Amino acid sequence: MDEEYDVIVLGTGLKECILSGLLSVDGLKVLHMDRNDYYGGESTSLNLIQLWKRFRGDDKPPPHLGASRDYNIDMNPKFIMANGNLVRVLIHTDVTKYLSFKAVDGSFVFNKGKVHKVPANDMEALKSPLMGLFEKRRARKFFIYVQNYNESDPKTHEGMDLTRVTTKELIAKYGLDDNTIDFIGHALALHSDDRYLAEPALDTVKRMKLYAESLARFQGGSPYIYPLYGLGELPQAFARLSAVYGGTYMLNKPECKVEFDEEGKVVGVTSEGETAKCKKVVCDPSYLPGKVRKVGRVARAIAIMSHPIPSTDDSHSVQIILPQKQLGRKSDMYLFCCSYTHNVAPKGKFIAFVSTEAETDQPAIELKPGIDLLGPVDEIFFDIYDRYEPVNEPTLDNCFVSTSYDATTHFESTVDDVLNMYTLITGKVIDLSVDLSAASAAEE
Amino acid sequence: MSGSEDEGGEEYLFKIVIIGDSAVGKSNLLSRYARNEFNMHSKATIGVEFQTQCLEIDSKEVKAQIWDTAGQERFRAVTSAYYRGAVGALIVYDISRRTTFDSVGRWLDELKTHCDTTVAMMLVGNKCDLENIRAVSVDEGKSLAEAEGLFFMETSALDSTNVKTAFEMVIREIYTNVSRKVLNSETYKAELSVNRVSLVNNGASTSKQNQPYFSCCSR
């Protein structure tokens, strides 16, 4: 330390590591620090010993669970949309060369007390009990409309301006029933509550198109991909990108204190008695608690199991969406499960997560509908954490604080935050229209 | 070489990592081996990714994907992902700087934390051209290697001494290990590839190099 940098990044969460990588590639001199002795911050993946230390204090994991390093347990479980923004960033930065991905086996939705596969093709759609026969015909017309919709081609709009027409109005035009609306809004457009119904329909149509395109990308059983060895690989991959372009990395730096001048503008960061000077600071909310406000809480359960989740066709990696209306809640609940096939657990072991926007202070009770779907569990852990968003004005203090990770099923909002921050920091906009068709590939 | 080269040779890709303190010459060892280049100025490693080298062993084509730390070791920030899937490792110290030899134990601990026990490991005492300011004797290096069950070799990336030999010894040891447990290897390989997807064009190699230069089985 005791040097001068363009940007100091604090916290090695995924957002911070992507930004560190992008800024280093741009030629900025970047110092990246974390108070922990591991990468990932709130988006890390823990081995078994780390998991026990975090949730069970001084206890030790039981030997029958296998080797600690065979576990890579995500602290912020999400799947990656195969055609989504994170994939575009990975391709844009060429970080794909550090990572390996597998398709996620299946996507399911909870409906009337049962778990149903979200249809991955026409055949599955015809057989699915989620809709009656006549409803399927009406839904098919709607899906064709969505598929053909092109924002820049008015002929595809069928006389409707989707920047004004609400989702509810659009769906009403096709005569779909409430059950179908619920399915479309939560299992395909992946909304976590029902506010979308009163909002312009364009967002929902785009989300449905993203789902369909992601499903078609690798023609697996779901629209998702997921990295081998867990999500903790992602921040590390971007950190390597930054390092390759000159970024300096320091872990285990306690109390990274941000220093300001008399005008309130950032001038550097002090840790262990040394100060590094900089023009800008990028960090997660925990490093500048005075510049953020609480905007919600996430309730989460982590379970170690020895079997796939029942009723998921023995899927080794799976998502189940429990729409809020099915549970009588305000927000959806999500189940994720991955296993030894993605190298996040020893052979025969599965890791399941239940998460939702918290509405009570009791995660064990609140998450029960999701936990009941898991079947027998070997071990289970509960957690509840606050979400923050920045309230400072970066043009005044040159501090760029990321928003906490939400409970959504995927990374679209995460990448949006990163891209917005990048533009605020550099004044530039990244062109993510990578040629996905050139990048498309069948299974290796 | 004698014998047919078209025996339907199987292809192997082995990941090897180079670890050790800053400025012991890790990058120059790699660039000497892969491209026969040496850079006199010891800057912190920037722009180095990994290099892929081809070797033929028992009529089989073996590719070694050799990774450099990208400078993250300077402040002890090497990622656990760096070690992911490595089947070979070179632990490098500088014979003219005692502290780099004293760090070998810590590097071994880190390696064992992240890697399988079957990793082929070599202790490398680099800069053996600096005999006049030697701070670690050959015997000390040899003793530590024996105590830890490692191969041992002194090298000079500057004058090329033992560089090729060191890498190829590790690669051959990996090949031997893999052949010995071929059943497990096949099962593991098959399992890993199920549902694997590629985000980039099939034509692009997943071991893309910074340098277009590619040396393959030229001997």
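Values below: every heavy atom of this structure, side chains too, minus hydrogens, waters and symmetry copies. Remember, predicted model here, so these are calculated numbers, not experimental data. Here is the naming used below: chain letters follow the sequence lines, and residue numbers restart at 1 for every chain.
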Check: Who passes salt bridge (charged side-chain N to carboxylate O under 4.0 Å, His left out) against D313(A), sequence neighbours left out?
Finding: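 D313(A): no salt bridge (charged side-chain N to carboxylate O under 4.0 Å, His left out) contacts found.
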
Next item on the list: Identify, with sequence neighbours excluded, every residue that meets salt bridge (charged side-chain N to carboxylate O under 4.0 Å, His left out) alongside R106(B).
Entry: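 With neighbours one apart ignored, the set is D21(B).
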
Check: Of all the residues in residues 82-99 of chain B, which have a heavy atom that comes within less than 4.5 Å of a heavy atom in chain A?
Finding: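 Residues in range: Y82(B), R84(B).
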
For atom [atom1] of [X], decide whether the heavy atoms of other residues, nucleotides or ligands shown that lie under 6.0 angstrom number more than 12.
X	atom1	answer
D314(A)	CG	no
E42(A)	CD	no
K29(A)	NZ	yes

Next item on the list: State which residues pass side-chain hydrogen bond (donor to acceptor under 3.5 Å, both in side chains) with S45(A); sequence neighbours excluded, sorted by chain then number.
Entry: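 By the side-chain hydrogen bond (donor to acceptor under 3.5 Å, both in side chains) rule, S45(A) matches D74(A).
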
[X] versus chain B, the contacting section by heavy-atom distance below 4.5 Å:
X	result
T12(A)	neither
Y39(A)	side chain
D70(A)	neither

For the residue pair [X] and [Y], what are the closest heavy atoms and their distance?
X	Y	result
F218(A)	S198(B)	CE2-O, 3.5 Å
Q72(B)	A243(A)	CG-CB, 3.5 Å
L199(B)	I91(A)	O-CD1, 3.4 Å
Q236(A)	S80(B)	OE1-N, 2.9 Å
R240(A)	A70(B)	NH1-CB, 4.1 Å
A103(A)	V197(B)	N-CG1, 4.0 Å

Note to self: Below 30° counts as parallel, above 60° as perpendicular, anything between as tilted: where do the rings of W67(B) and Y98(A) land?
What the structure shows: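 Tilted.
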
Notebook entry, point to check: To the nearest 0.5 Å, what is the distance between CZ (F75(B)) and OG1 (T248(A))?
Noted result: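 Interatomic distance, F75(B) CZ to T248(A) OG1, rounded to 0.5 Å: 6.0 Å.
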
